[in-house]
Amino acid sequence: MAFRPLLTRKTLACAAGLGSNGGIATSFRGLQTFTLPDLPYDYGALQPAISGEIMQLHHQKHHQAYVTNYNKALEQLHDAISKGDAPAVVKLQSAIKFNGGGHVNHSIFWKNLAPIQEGGGEPPKGSLGWAIDNDFGSLDALVQKMNAEGAALQGSGWVWLSVDKELKKLVVETTSNQDPLVTKGPSLVPLIGIDVWEHAYYLQYKNVRPDYLKNIWKVINWKYASEVYEKECP
Amino acid sequence: MAATASISSPCALFSYQGFRGALISTRTFQTTESQRQCGRAVAAPISAKFDLKPPPYPLDALEPHMSQDTISYHWGKHHRGYVENLNMQIVGTDLDGMSLEDIIILSYNKGDILPAFNNAAQIWNHDFFWESMVPNGGGKPSGDLLELIERDFGSFERFSAKFRSAACTQFGSGWVWLAYKANRLNVGNAINPHPSDEDKKLVVVKSPNAVNPLVWDYLPLLTIDVWEHAYDLDFQSRRADYVSMFMEKLVSWETVSARLEMAKAQVAEREREEEKRKYEEDNESSSNETVEMYLDGETEDSEAE
């Protein structure tokens, strides 16, 4: 069933333009399953903001587990749907939401980060920079707001900078557990997501989530965020 | 051990408050005054309100299973943080002076959670967690507890599998519990209208973030913390290994048994009070009728008689 390990890089080569879905594989039954996307930088490249140890565990263990379990749930869902087994379909929803959400969110996250040498931390220019000043007053104000909401989030979740593609406005949102941003509004497109699950920072920052939030901005990839923004607001 | 000692200490009687009273005899609610009465060694009080209660063993006592590193952050930073924050939150409010459990129930607000809930419940949850473990713990329960487990889960192995599975499928932060359920339905905390002895049983339940079974009016017996901070340093992503370790090496079945006995006693007490209340209600209404008839001596009713 899982023919993933050797195919990962090849599949990714084909899937290069597939955006946030990472690699997509197709099983012999025609069901699209997913593979762990590669990081565009080394595990140690975001130090000292985020340790290499965390990056490796976060990618190879946590994100991989979401992918594995999402695929498993999808197979079971596929089965249940073809059998018309409605209770089974309903029962699988939470596993799909959690693991699928985990895969979606983390795929975005890796693109939200970049080594300093590759532009990580460089403030946004162009239309996104203007929009931030317009909607929040300044980049600093936006960062303060996201840090405050990220720190206040109880338990596990994400804090997002997004653009409402209907209203063409920037919105800061939080989601709990692995709920993807779309659960907060169908027209919200994620630009930057910051993982505030403890596994994202604990080995390095322990309980001091505010320090993690302060430091992660040094490696935030505003170039990617601008690209997404300009696509939605040309 | 501190856990068993505190059950029979004078503090238990001092803080007794009805249904949940006996359960909170091992909990944190004690003013500095009562702590002096109990003569217990505790961490230096952080404020005049709730204190950070230390685990009933040294911080390195659960090595190599749960590291001293983990406990010193988990207790020393997280648990301490909840205590400090709650104390700041309740100053000058209605919650000031209430017991911890009352604050929890009130701020849970039937699901529409109020600000103090997270801190209050997390204080309670962590106290309960430290006391659920003991050095050289694990193994199997015995006596009444084992009998009930076998009755309600089929076998200890099946209970253990269920507990572990729940711990691994609590998505996100939260807790998993063994609890004693009496006269409650499975949804919300609705009262069972036709209670029977079969309804008194052990259940495994999961709760998210700070929620605990007190808000469903269950009686907690055992808990495992599955917030990532509980196992990230020692096990990283391997929550299943952490849960196995907890079951095999750390659970204090003695404490769980003692809690079961208290729970059964409380349920019996509540039933007695419920019966007494019903009896008084019945007698009250019949004596009212007597008075009315006496006053209406000249009416048709008395003539018909």
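- Put simply, of B:H74, B:Q236, B:H78, B:K77, the one with the most heavy-atom pairs under 4.5 Å next to chain A is B:H78.
- No hydrogens or angles considered: a donor-acceptor pair under 3.5 Å links the side chains of A:Q178 and A:W158.
- Of the two parts of B:D232, the backbone and the side chain both hold a non-hydrogen atom closer than 4.5 Å to a non-hydrogen atom of chain A.
- The backbone N or O of B:P220 sits nowhere less than 3.5 Å from a side-chain atom of B:R259 that would complete a donor-acceptor pair.
- In terms of non-hydrogen atom pairs under 4.5 Å with chain A, the most contact-rich of B:N118, B:T169, B:N209 is B:N118.
- Interface check for chain B: of the options A:N207, A:N99, A:N177, the most heavy-atom pairs under 4.5 Å are formed by A:N207.
- Both the backbone and the side chain of A:L203 come within less than 4.5 Å of a heavy atom of chain B.
- Judged by distance alone, with hydrogens and angles left aside, the side-chain atoms of A:T175 form no donor-acceptor pair with the main-chain N or O of A:L181 at under 3.5 Å.
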Starting from the C-alpha separation in whole Å, work towards a yes-or-no answer on ring-ring contact (aromatic ring centres under 6.0 Å, His included) for B:F129 and B:H229.
-> CA-CA 14 Å; B:F129 178 54; B:H229 63 239; 9.2 Å; no
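- Contacts between A:S94 and chain B at a heavy-atom distance below 4.5 Å involve backbone atoms as well as side-chain atoms.
- Judged purely by atom type and a 3.5 angstrom limit, B:R164 has no side-chain atom pairing as donor or acceptor with the backbone of B:V243.
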